[in-house]
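The next block holds one structure in the form of structure tokens; read it before the comments.
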Amino acid sequence: MTDIAVTDDVRPNETVGLEKRRAWVSVLLHVLLIGASILMLYPLLWMLSASFRPEEEIFSATSLIPSSVSLEAYPRGWFGLRVDFGTFFWNSFVISILSVIGNVLACSLAAFAFARLKFWGRNFWFAIMLGTLMLPYHVTLIPQYVLFLNLGWVGTMLPLVVPKFLAADAFFIFLMVQFFRGIPRELDEAAMMDGCSAWRIYWRIMLPLSLPVLATAAIFTFIWTWDDFFGPLIYLTDMRTYTVQLGLRSFVDSTGLSDWSGLFAMSMLSLVPVFFFFLFFQRLLIEGIATTGIKR
Amino acid sequence: MTTIASPASPYVPTRGRLARVLARNGAGYLFLLPWFIGFLGLTAGPALASLYLSFTDFDLLTSPRWIGAANYVRIATADPRFIASMQVTFVYVLLSVPLKLAFALLVAMALNRGMKGLPWYRAIFYLPSLLGTSVAIAVLWRQLFAGNGLVNSFLANFGIEGPSWISNPNYSLYTLVVLSVWQFGSPMIIFLAGLRQIPQDMYEAASLDGASKWRQFWKITLPLLTPVVFFNAVVQTIEAFKAFTPAFIISGGTGGPINSTLFYTLYLYQEAFGFFRMGYASALAWILLVIVALFTAFSFLTARYWVHYDD
């Protein structure tokens with residue numbers, strides 16, 4: 001009897017102690033994580049505040065709050081080059097949107113064939129497609145350049161956009177195949193019985209059921225195209241065709257780093273579209289990464 | 001009312017062999033057509049062409065001249081910038097990938113305790129890796145680590161006079177390593193997804209047996225997570241080999257100071273589009289391909305000794 005009474009007394013104390021310890025660990029962890037968050041975001045917030053600062057303050061202030069707020073750097077940066085940033089933003093926007101359309105269309109067509117259609121050599125081509133994922137782009141870079149040069153495309157946006165319509169980003173094919181395979185086969189088998197053509201099954205059944213993966217592919221294509229520097233650097237020669245990334249590069253070169261606040265202002269603006277997707281489609285982005293291992 | 005000739009009859013009328021082959025395979029190949037054109041015209045064809053070009057002298061203006069293995073011989077024996085770019089790239093890969101993955105795993109484990117505010121933390125830690133490769137971030141880094149940049153202004157508060165990180169060849173590469181580690185967000189998300197897969201009762205059983213948290217990490221978490229570690233390591237390493245934009249912006253395209261940020265891709269770019277030595281650059285590209293392939297093969301071969309698959 002007494003034994004039981006003793007254990008009854010001790011148990012609650014033990015759990016209270018454990019809970020207390022847990023609470024402390026949790027508080028400590030939050031403190032650490034908040035500290036880490038501040039450290040992670042500090043450079044970005046600092047750049048934002050630097051774009052509003054008087055120029056002479058940029059290289060002395062470590063705080064986030066400017067002594068006086070001025071929007072001057074924005075128009076100065078915007079018109080700081082021979083061609084204004086409106087043109088660069090427009091070019092980037094057109095290239096990114098066309099890339100999204102091309103990627104989503106071409107990759108979903110190929111993915112539908114791999115996931116649902118039966119044809120001779122399917123597994124072989126699928127393996128080849130996966131193999132191209134591993135291929136560093138350096139190996140195809142120079143002959144592609146020669147090809148586009150001979151087609152007279154260098155200096156236009158075509159070398160940046162046309163490959164997307166040919167499903168050159170095979171990663172998205174893989175992503176969509178994975179998703180298509182998860183859609184119950186009964187749906188398209190029933191449609192097939194009713195005499196639906198492969199095209200109608202693709203267009204009327206698969207695509208409408210695959211909006212999440214199509215959106216994920218679209219958003220990542222947009223962000224990667226928007227951020228791309230290497231492609232535009234090689235193919236765009238005339239400043240009027242430059243993308244935002246190239247515009248920023250020219251800004252660094254031409255002002256010789258004398259106009260930091262203008263540069264920061266344009267840098268901040270260049271991040272806005274990506275940040276927009278981050279804010280509104282975060283779940284889609286994070287799920288895309290968690291389930292497929294997208295690299296960034 | 002003859003039902004025999006009804007068009008709904010399931011019997012396919014006899015057709016030629018070709019027609020039957022087309023009917024069975026046509027749709028598949030039609031859907032695959034864009035990819036097929038791209039694969040032949042933009043991937044397979046160019047890859048073979050670049051292998052050929054790597055044995056030539058080619059400046060875009062005159063047609064390629066066959067010079068045998070001369071490009072490869074020169075790379076192996078008489079190209080100090082190749083050696084420099086190799087060193088830079090390997091130091092970068094070997095430092096940035098493990099550090100990035102360690103951070104990613106550490107933060108993922110901290111977040112995996114059913115923390116309040118998880119979505120917030122996750123979003124904040126992920127943001128840099130989403131923005132990471134844009135020119136704006138490279139521009140920012142160039143200022144942060146400049147002689148009179150933010151990092152040194154901060155250090156000055158403690159009376160420390162920091163060096164000019166970017167323009168000092170001893171430090172410039174490490175600023176790029178820091179930039180890469182700052183972007184640990186996406187491997188972190190993959191680790192988080194992997195940690196969710198580990199059954200909680202394994203930990204409960206282990207703690208009943210008196211296993212410490214430390215032991216639980218080494219005996220349960222890490223072994224069960226090795227497939228994810230493996231995946232992240234392969235992907236991040238390949239990405240690190242391809243790094244270009246930050247080095248280009250921070251060094252103004254030179255790979256300086258004293259070749260200290262001459263990433264392999266940057267060197268290849270200079271040879272191809274700075275000096276128009278297209279044959280030589282093709283040889284560089286094929287060497288990179290071989291290195292990446294060897295690395296990948298090595299990871300897959302050793303995987304069976306350390307990657308834990310439960311089957």
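Throughout, a chain's letter reflects where its sequence line sits, starting with A, and its residues are numbered from 1. Everything quoted here is computed from the prediction, not taken from an experiment.
Between chain B and the options A:Trp125, A:Trp226, A:Phe264, A:Phe277, the largest number of non-hydrogen pairs under 4.5 Å is found for A:Trp125. Contact tally against chain B (heavy-atom pairs below 4.5 Å) for A:Trp46, A:Tyr202, A:Phe112: the top residue is A:Trp46. Between chain B and the options A:Trp120, A:Phe275, A:Phe165, the largest number of non-hydrogen pairs under 4.5 Å is found for A:Trp120. Ranked by heavy-atom pairs under 4.5 Å with chain A, the list B:Phe248, B:Phe191, B:Phe154 is led by B:Phe248. Of the listed residues (A:Lys118, A:Met129, A:Arg116, A:Arg283), the one with the most heavy-atom contacts under 4.5 Å to chain B is A:Met129. Here B:Ser134 is the residue among B:Ala44, B:Ser134, B:Gly117, B:Gly38 with the most heavy-atom pairs under 4.5 Å with chain A.
Using a 4.5 Å cut-off between heavy atoms, A:Gln245 contacts chain B through both its backbone and its side chain. Contacts between A:Leu269 and chain B at a heavy-atom distance below 4.5 Å are absent for every atom of the residue. Contacts between A:Ala50 and chain B at a heavy-atom distance below 4.5 Å are absent for every atom of the residue. Of the atoms belonging to B:Ser282, heavy atoms from both backbone and side chain fall under 4.5 Å from chain A. With a 4.5 Å cut-off on non-hydrogen atoms, A:Trp199 touches chain B through its backbone and its side chain both. With a 4.5 angstrom heavy-atom cutoff, B:Asn157 touches chain A only via side-chain atoms. Residue A:Leu246 does not touch chain B at all, counting heavy-atom pairs closer than 4.5 Å. Of the atoms belonging to A:Val25, it is side-chain heavy atoms, and not backbone ones, that fall under 4.5 Å from chain B. Contacts between A:Ser37 and chain B at a heavy-atom distance below 4.5 Å involve backbone atoms as well as side-chain atoms. Using a 4.5 Å cut-off between heavy atoms, B:Leu127 contacts chain A through both its backbone and its side chain. Looking at A:Leu33, the atoms closer than 4.5 Å to chain B (heavy atoms on both sides) sit in the backbone and in the side chain alike. In this structure, chain B has a heavy atom under 4.5 Å from the side chain of A:Tyr42, while its backbone stays farther away. Contact annotation for B:Leu42: both backbone and side-chain heavy atoms come within less than 4.5 Å of a heavy atom of chain A. Contact of A:Leu44 with chain B is made through backbone and side chain together, with heavy-atom distances under 4.5 Å. When heavy atoms are compared at a cutoff of 4.5 Å, A:Leu105 does not approach chain B at all. Interface remark: B:Phe103 contributes no atoms to any contact with chain A (heavy atom separation under 4.5 Å). With a 4.5 angstrom heavy-atom cutoff, B:Leu131 touches chain A via backbone and side-chain atoms both. If you measure heavy-atom distances from A:Ile234 to chain B, the contacts under 4.5 Å come from the side chain alone.
From A:Thr140, atom OG1 reaches atom CG of B:Leu289 across 10.5 Å, with rounding to the nearest 0.5 Å. Residue A:Leu135 holds its CG atom at 10.5 Å from CD1 of B:Ile238, rounded to the nearest 0.5 Å. Separating the OG1 atom in B:Thr43 from the OH atom in A:Tyr137 is a distance of 14.5 Å, to the nearest 0.5 Å. Note that the CG atom of A:Leu141 and the CG atom of B:Leu284 stand 11.5 Å from one another [nearest 0.5 Å]. To the nearest 0.5 Å, atoms CD1 (B:Ile37) and CG (A:Leu166) are separated by 6.0 Å. Atom CG of A:Leu285 and atom OG of B:Ser186 lie 11.0 Å apart (nearest 0.5 Å).
At a threshold of 4.5 Å between non-hydrogen side-chain atoms, the residues B:Pro34 and A:Leu109 count as touching. Residues B:Tyr269 and A:Leu233 have side chains in contact (heavy-atom distance under 4.5 Å, counting atoms from C-beta outward).
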TODO: Any chance you could lay out the side-chain contact (heavy atoms from CB on, under 4.5 Å) test for B:Tyr121 and A:His30, step after step, and finish with the verdict?
DONE: CA-CA 10 Å; B:Tyr121 290 125; A:His30 273 293; 2.8 Å; yes

Task: A:Leu117 and B:Tyr29: CA distance, side-chain angles, deciding distance, side-chain contact (heavy atoms from CB on, under 4.5 Å) verdict - done: CA-CA 9 Å; A:Leu117 299 176; B:Tyr29 279 98; over 6 Å; no

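Using a 30° and 60° split on the angle between ring planes, A:Phe230 and B:Phe244 fall in the perpendicular class, above 60°. In this pair, A:Phe114 and B:Trp35 present their aromatic rings perpendicular. The plane angle is above 60°, beyond the 30 to 60° band.
Using a distance-only test at 3.5 Å, with no hydrogens or angles considered, a donor-acceptor pair links the side chain of B:Ser50 to the main chain of A:Val139.
The two residues B:Ala272 and A:Ile142 have their closest heavy-atom pair at CB-CD1, 4.0 Å.
For A:Phe119 and B:Phe31, the gap between ring centers reaches or exceeds 6.0 Å.
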